[in-house]
K.L.:
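Before I ask anything, here is the structure I am working with.
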Amino acid sequence: MSGVTTAEPVVALALSGVRRSFGGVRAVDVGQMHIPDGKLTALIGPNGAGKTTLFNIVTGFERADAGRWSFYGRDITGMDSWRVARAGLVRTFQLTRVLAEMTVLDNLRLAAAGQRGERLSLALWPAAWRKQERANQERAEALLERFRLADKRHHPAAQLSGGQRRLLEVARALMTQPRMLLLDEPLAGVNPALREDVMAHLVALRDDGLTILFIEHDMDAVMGISDHVICLATGTPIAAGTPAQVAATPAVIDAYLGVSTSAPSGARTAAPSGAPAAAASRASTQVATRPQAPAGGPDGDPVLSADGLVSGYNSDRPILQGVSAHVGPGEIVAIIGANGAGKSTLLKAVAGAIPATAGTVRLGQRDVTKLAMHQRVALGLGYVPQSRNVFPSLTVEENLRMGIYLRPREWQRSRDRVLAMFPALRDRLATPAGALSGGQRQSLALARALMPVPTVLLLDEPSAGLSPVAQEEAFEHVCAAAQSGVSVLIVEQNARQCLAISHRGYVLEQGRVALTGTGADLLADPRVVELYLGSTHQRPPENRADRLAPPLHS
Amino acid sequence: MTNATVTATRAALPRRSVVVLLAVALGAAATAAFASPVQVAQATLDGARFGLVIALSGVGLSLIFATTGLFNFAHGEFVTFGAILAWLCNVMLGLPLTLAAAVAVIGGAAAGASVEYGIWRPLRRHGVGLVAAIVVSIGLAMFTRHLFLFFFHGQSRSYREYTVQQAWHLLGVQLLPKDLVTMLVALAALAALGIFLKRSRTGQAVRATADDPDLSQASGIATDRVVLLVWSLGGALAALGGVVLALDDQVSWDMGFRVLLLVIAGVTLGGLGTVRGAIAGGLIIGVVTQLSTLWAPSELKYVFALIALVAILIFRPQGIFGRAQRIG
Amino acid sequence: MDLAAAGVDALRAAIAPATAAYALAALGLNLQFGYAGLLNLGHAGFMAVGAYGLATTVAVFGGGFWLGVAVGLAAAAAFGLLLGMPTVRLRADYLAITTIAASEILRFVLRSGWAQPWTGGVYGLQRFAEEFYALNPFATSNNYAIGPVVVDARTLWLMVVGWALVAAAAVLLVLLLRSPWGRVLSSVRQDEDLARSLGKNVFAYKLQALVIGGVLGGVAGILLAVDQQNVNPDNYGSVVTFFVYTIVILGGAGRAMAPVTGAVVFWLVISATDSVLRQAVDSGTVSWSWFGPQQVGVARFVLVGLALMLIVVFRPQGLFTWRRRVRT
Amino acid sequence: MRTRLSLLSAAAAAAALTLGACATSAPADGGQTADGTLKLGWLLPQTGPIASLGPPQIAALELAEKDINDAGGVLGKKVEFVGGDEAGDPAVASQAVDRLLSQGVPAIIGAGSSQISLSVIGKITGANVVQCSGMNTSPQLTDYPDNGYYFRTVPSDVLQGAVMGNLIAQDGATKVAILARSDAYATGLANTTEAKLKELGVQVVARVNYDPSAQNLTAEVRQVVDASPDAIVMFAFDEGAKLLQGLIQSGYGPDKVKTYGTDALPVASLPELVDANNKAVLQGMKLTQASSGENSPFTQRLLEYQPDLSTTAFSPYFYDCAVIIALAAEQAGSTEGPKIRDAIIGVTRDGTECGSFADCKKLISEGSDIAYVGAAGPLRFTDAGEPSTGLYDILQYDANGATKTLDTVREGTN
């Protein structure tokens, strides 16, 4: 990919030849990239384009296979993350990280740079640091005011809402008085009201002379506030320039808006303003056949239904607040909504990966709310989680074998059937799944779930992190599955494509069903267009404790 | 990280086994400077036997860790339990040792299953963290060990059979029939386990659970049952390990506690969660221990095994055959 | 049977110098494990290093007591650095294994024949604290009553010093943990990457915590050594570490003063179980053929192990902690 | 703030100790029981690494209690014993000692291991209480400043080492291998034996110290075998069976080379431990065992008293501890620690020899000076409070796995 240079005289961050790949997957491959000083630069691109990996590499949280990068002319290649931060290049994380056990105020006070009291030698001499501490406290208070967190200052950070956590994170980053901020999806999970705030803050900070690079999927935000946009696809910058320029670049539209897919025949696609318009128009030109609704059709007795489902990761802050939805036989039903609306959580609750604190889940007529996930699977439910959806150390064949675990006798037949659907897997049968490329992984994940021919299949973002081609493939597989009589409940960040192939859809907002309708209607609904622009994929918050602790199989 | 390391590991596997063998051979060669080849060969043989016993006793610990993340400091008590049970059957009830061993293995399986069912499953439901769980296992070890002392008393005892045997000699190296049997049994059991994990559907389910419990559930695997199976397997193998360990080294109330550190060292060094690792680690520990006595005071023989452990962990935290995967 | 006497025994145990020493050790471990999240299973090693620093300096090289103490503390700090440099980066359970191995290596070396000139080998070293007891302000001709507990002047003197040290250490730790330094440390435990992203040198903080905790362990070792006027390698086996962990967990890991309460309770329980059982046997309250005076010692540890398990199961956040903590 | 609270309480505790600790009327007197009955404490290994040695020692004390009380007790009152577990852990042990002291015992018998004794001797003797061990052989204890309160009935290594050395030399061994458990008991014994052998011009071809906590001892056996000795002496506890099995299987069994051991081995059950199917397995192996002199062999009596004992190691020495303390109390007409201390040495030397508590008590009542010759033969305490002489039976295993006494030798000053 040819270097993308900017006209800016001063370069804040310069990368050259930075490469990093995971097993079969090339995550980052940046020839040349320059982030201009004092500007608000947006880094966009589909999921898995390597945006976050790039952040990790630059800030020293991940090693690069090759390449060098410098910060205001100072070579910081391979520098320890904490040194990078001290050099003034401070990042935030995609999954908000707050120190739950600390108060909001302490979260900020911690962040202040160059604290003498943090030196062991001085820690026991309050006299040596009390003044500085007081100064920091004032700055912290000011920031809290600015980010409307002042009233929460003495609450443990654990009590903050998702949006407030975002704010806290930005505030905390500012507390370090950085020269440049790297914000990883600062708007993800922030409700519309706060969104405006955050964006305003970013602009204000830029005006104060701070350099900001932020990853964002919310095109409105990107278009609205950024001075400079860089688009990444499969780890490589494919466009850079003003928002308008980038939005108009066909490559970007293809890669990011992922239009090149089968759209429903005669789907009336609205034409939103700006880049999506281009996307939309291109989309509508493409004509493909929507999966035939099989006998019984969407109006038959639901094969899967959830009523007033309340669930989440900790009971005091449920993410789903009473969601009701159902899937008819042979239906493809889409769940769309903004980041943090609870899409993946809904699937998890339905699958039984997380317990429901209230409401019921039914498979057919059977109430399965109390059953463990493997029991629901035995009753014909199939579930493909979003990330970590294959067994990395098992071979492809073994992965498939696990798919039909409950009915070993059907192994041969299902194997042949599925391999017919996914011929690409046939010659990788002996490879450990961990070595597959992203696309192959997704196919394998789908294949594994289709081994037993489930009555209903729950798909969590089958196209996440896939190249346009692979995305297309994924969606074709989903349609194929549906044609083979499997009902599908699908969560997608790529709402357009998703709705295009769905019979019906639900739009989630703040853990509730905001609106519902047929795929076509929703696709036409301006509110959906708004949402779909804002949609990104999100992962459940996982903390180190969980990963250390023995897995809970209950 | 995952994919990267996994593939790296895969690619390197054959090479790695070679490296291990080379290292062992090298150690032996180096020692030859201090001792006659016969001594070295003899020490290596003895070390191999002890190492295989360690591997046999430890592989369960390693699998339990891989599937549940728990480091079971009470694993040594399974070893003691097996030996004592066999002793009771052999000496008190007068069963032939082979039969007694069988009983011990069944008993070990039962013991393993019951601690999982009675203690660890409830604790997991409870959401008890790794460290708290380790402390529980320490408590369990103290409890069981002293129960043994209470009923079995402090003296060490021998079985009724195979206590003293005529050794075979070949080129000055001597080998006892029972030691040969021990090695064969250990190898057979470990190989069987390896094949079970690789080939059988249930075995694959075990590996799947170790890989990703949630996804396993999503595939219809009752992970609770898998973990139960792993515990009973671990208990059974450890019990068998105890039986063969006592063949040469007598039955005593704290025999498991005494070998625990070496067992942990072995499986960790080899890489937790892999049979291959347990064997390699056990062999290294066993052989290093024995070889060191040829040129260092034997009261220090374990020091060298432990140094090997520390060294390897520092340079390769996930062990020789381990995957970096679980690191988090 | 005389429960009052048992109560007095328990009380005496609760305030004994040894208890103070264990409280100190636990304070150190709590800093490492409760606050920095370092699963150090080699704490006995730190205690040994401290004790031998003193003993060797005085008994072998004829240095003064206070010089010995200084050497002991320095040695503990050095051991911490040596151990921490390579291992602090390791994952919790690997760190645990490396540290336990290190402390066992230390023990083997201390008791080995060739270290005998400096460590006294298996005989250990004795009577290196005369200088300390010479400072005893209490009249040695008398016994002293603390409540119902009667102790001699020697013990009283050590008690005062011991508990004063505990109080001092506790105060320092609380101040330290409330300082910005402590804030960083707690952020490190909660989320290393976040701390890094804010420019905190995680490695340095972990190392500092390990060393400070280790030095406290050294102080504890010195106090024990002074109490016993004797050091012996086998007094620093892994069981000691397990005891200290029990104490930390009892009190509730990650709370500044927990170790103190934990230590008191632990030794109270150890002592109470013993005296009650013996009372029961002697007074014939319990008179089964299979349970006589000979079994009491064993039965006691069975109960202790059981208690340890039950506490973690039913009060995972510590005996006296009611606030729910997020523990890893 | 809870931390501050508990902080205060800690500080308070420390303060309370200093202030609150008021001098009691009772001066330190090595306490005694109200009614003048002799109440003896013991501190023995019930748990920990040498737990296997606890039972015979405790049994020996029970037997002593029986014998003493059958003879009418001490000063007309029955003797009582209270126990404590040394647990191989000084902290636990000293706790037990505190408990015993608080019950006003004038004497404590124990501890088993020198390591523990050295950890509690200050506490015990500091309280003017007599301490007597039948197993501590550590040289450190000889010159320990115990105000004469520490005694041991087991002769110093020098004596038994000499006996062992002579025995081996007399049997005409030329190349001796020594296997020694590396702990305070065996190391000293091995050293003195080695020295004696060298002195007698016998070559020591291998000296192997093994880690007592090691489960597997094949390497140690190999080292001995590699030295191809014509005599092997082992200073071991019950792991000796393990070593013997290894030696026999390597062709170095008692049938091939001269093999020696001490009564720290589980003498009676050793053949069965080594090979249950061959009683003759140890035929020819020689042991040095504490001799009961003219008395009926103590170990036999002990096994009659408690048949299920699998070893009798050190039991006679502990028995003697109990008896001499009782006699000293009888002699001194008091159950106070200091008085007992002053009397003990006297009852073991320069006087009419008597072989049992009953006899000695009679002699004392007749007002004659006595010299107790106990389960472990004459003690003849030196002023340091340890036997100046050791009387040893030389045992040898026969084809039936039984031992017969070949000879009885006395070592040390007469």
Side-chain angles (χ1 to χ4, degrees), chain B residues 65 69-71 73-74 119 122-123 126-151 153-154 253 257 260-261 264-265 268-269 272 296-297 299-311 313-315 317-319 326-328, chain C residues 33 37 39 41 83 85-87 89-102 104-109 111-114 121-122 238-239 241-242 245-246 248-249 253 290-291 294-295 297-314 316-317 326-328:
Chain B
F65 175 82
L70 167 74
F71 226 105
F73 275 84
I119 299 177
L123 281 188
H126 219 273
V128 168
L130 163 74
V131 172
I134 285 185
V135 174
V136 174
S137 75
I138 290 172
L140 179 62
M142 195 187 280
F143 172 76
T144 338
R145 191 161 67 248
H146 286 90
L147 268 189
F148 293 147
L149 177 57
F150 193 103
F151 291 111
H153 299 306
W253 65 284
F257 182 63
L260 179 64
L261 189 59
I264 292 180
T268 316
L269 179 158
L272 291 157
E299 56 187 325
L300 284 178
K301 63 180 181 180
Y302 287 167
V303 169
F304 296 95
L306 295 178
I307 287 176
L309 166 73
V310 174
L313 277 194
I314 286 170
F315 293 116
Q318 68 273 38
R326 280 186 146 277
I327 290 188
Chain C
F33 155 63
L39 188 48
L41 280 184
L83 192 58
M85 289 289 191
T87 60
R89 284 196 183 84
L90 296 179
R91 201 177 86 211
D93 28 37
Y94 287 119
L95 176 72
I97 290 154
T98 325
T99 47
I100 197 176
E104 280 296 289
I105 291 176
L106 182 70
R107 187 176 67 82
F108 280 122
V109 172
R111 79 194 306 289
S112 71
W114 62 262
V122 293
S238 45
V239 177
T241 307
F242 292 164
Y245 262 94
T246 313
V248 173
I249 298 290
W290 52 270
F291 189 81
Q294 300 194 11
Q295 281 80 26
V298 187
R300 179 243 303 257
F301 281 103
V302 173
L303 292 182
V304 170
L306 194 61
L308 181 46
M309 281 191 283
L310 295 179
I311 286 163
V312 180
V313 174
F314 293 109
Q317 69 276 46
V326 195
R327 278 242 44 80
T328 64

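Residue numbering restarts at 1 for every chain, and letters A, B, ... go by the order of the sequence lines. All of these numbers come straight from a predicted model, not from anything done at the bench.
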K.L.:
Is it the side chain or the backbone of C:L306 that comes within 4.5 Å of chain B heavy atoms, both, or neither?
P.N.:
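Answer is both: backbone and side chain atoms of C:L306 are under 4.5 Å from chain B.
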
K.L.:
Measure up the B:F73 and C:F242 rings against each other and bin them: parallel (under 30°), tilted (30 to 60°), perpendicular (over 60°).
P.N.:
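Ring orientation, 0 to 90° scale: perpendicular.
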
K.L.:
Minimum heavy-atom separation for C:A101 and B:L306, please, with both atom names.
P.N.:
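Shortest heavy-atom separation between C:A101 and B:L306 comes out as O-CD1, 4.0 Å.
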
K.L.:
In terms of heavy-atom proximity below 4.5 Å to chain B, should C:A96 be classed as side chain, backbone, both, or neither?
P.N.:
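For C:A96, there is no contact with chain B at all, as no heavy atom is under 4.5 Å.
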
K.L.:
Sort B:F257 into side chain, backbone, both or neither according to what part of it lies under 4.5 angstrom from a heavy atom of chain C.
P.N.:
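The answer is the side chain of B:F257.
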
K.L.:
What distance do C:I100 atom CD1 and B:L260 atom CG have between them, rounded to the nearest 0.5 Å?
P.N.:
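Output value for this atom pair is 7.5 Å.
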
K.L.:
If you measure from CD1 on B:I138 to OH on C:Y245, what distance do you get to the nearest 0.5 Å?
P.N.:
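Going from the CD1 atom of B:I138 to the OH atom of C:Y245 covers 8.0 Å.
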
K.L.:
With a 4.5 angstrom heavy-atom cut-off, which part of C:L303 approaches chain B: side chain, backbone, both or neither?
P.N.:
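It is neither, since no heavy atom gets under 4.5 Å.
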
K.L.:
Is B:Y302 close to C:E104 at the side-chain level, that is, under 4.5 Å between some pair of heavy atoms?
P.N.:
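Sidechains of B:Y302 and C:E104: no contact.
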
K.L.:
Within this structure, what is the CD-NE2 distance for the pair C:Q295 and B:H146, rounded to the nearest 0.5 Å?
P.N.:
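Here the rounded value is 13.5 Å.
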
K.L.:
Heavy-atom cut-off 4.5 Å, strictly under: side chain, backbone, both or neither for B:L313 against chain C?
P.N.:
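Both backbone and side chain.
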
K.L.:
State, to 0.1 Å, how close C:V298 and B:F150 come at their nearest heavy-atom pair, and which atoms those are.
P.N.:
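Closest approach of C:V298 to B:F150: CG1-N, 3.6 Å.
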
K.L.:
What closest approach, in Å, do B:L300 and C:S112 show between heavy atoms, and which atom pair accounts for it?
P.N.:
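Of all heavy-atom pairs spanning B:L300 and C:S112, the closest is CD2-CB, 3.6 Å.
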
K.L.:
If we define contacts as heavy-atom pairs under 4.5 Å, which of B:L309, B:L140, B:I307, B:L147 has the most with chain C?
P.N.:
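So the answer, after comparing B:L309, B:L140, B:I307, B:L147, is B:L140.
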
K.L.:
Less than 4.5 Å to any heavy atom of chain C: does that hold for the side chain of B:I264, its backbone, both, or neither?
P.N.:
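Just its side chain gets close to chain C.
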
K.L.:
Any donor and acceptor pair, going by atom type alone, linking the side chain of B:E299 with main-chain N or O of C:F108 inside 3.5 Å?
P.N.:
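Side chain of B:E299 to backbone of C:F108, a donor-acceptor pair under 3.5 Å: no, none is there.
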
K.L.:
What's the shortest heavy-atom distance between B:G139 and C:L308, and which atoms?
P.N.:
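Between these two residues, the closest heavy atoms are CA-CD2, 3.6 Å.
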
